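Predicted, not measured: the structure shown is a model, and the values here were computed from it. Heads up: numbering here begins at 1 and tracks the sequence.
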Amino acid sequence: EALAAVQKSPAAAGAVPAVADVVKNPRGRGMVNILRRDAVAYLGAVAKASDASAVSVLKNIVDDEKLNDNNLKNAAKRALG
């Protein structure tokens, strides 16, 4: 429900590049990949195919052979649809 409300917000599309940057360059300690998965889900719900930064970040996650977090990879695959 909350994500559906965000999708309708005019500010949602404006946040796509910033969220893509967070997904691309995670900083922090602890459960950072949980935040990344939430951000990936946001990109999947809000970003459009024309949002090159979001599409690029999501494809990089899917194609990253060194990334061992299959939940994150699967979230990126779902986001790419």
For Ala20 and Val57, work out which heavy atoms get closest and say how close.
O-CG2, 3.7 Å
Can you check whether Asn71's main-chain N or O pairs, donor with acceptor, with Asn74's side chain at less than 3.5 Å?
no
When Val23 is tested against each of Leu43, Asn60, Leu35, Asp38 for side chain to side chain contact (heavy atoms under 4.5 Å, CB included), which residue passes?
Leu43
Verify the cluster assignment for Leu58 and Val22: are they in a single hydrophobic cluster under the rule of side-chain heavy atoms below 4.5 Å apart?
no
Rounded to the nearest 0.5 Å, the NZ atom of Lys24 sits from the OG atom of Ser56 at a distance of 6.5 Å
Between Asp64 and Lys66, is there a donor-acceptor pair closer than 3.5 Å when you use the side chain of the first and the backbone of the second?
yes
Candidate pair Arg36 and Asp69, rule side-chain contact (heavy atoms from CB on, under 4.5 Å), full reasoning
CA-CA 11 Å; Arg36 286 181 82 193; Asp69 188 344; over 6 Å; no
Which atom pair, heavy atoms only, marks the closest approach of Val55 to Ala49?
CG2-O, 3.8 Å
Find out if a path of hydrophobic residues (ILVMFWY) with successive side-chain heavy-atom gaps under 4.5 Å connects Val32 to Leu67.
no
With distance as the sole test, does Arg37 use its side chain to make a donor-acceptor pair with the main-chain N or O of Leu72 at under 3.5 Å?
no
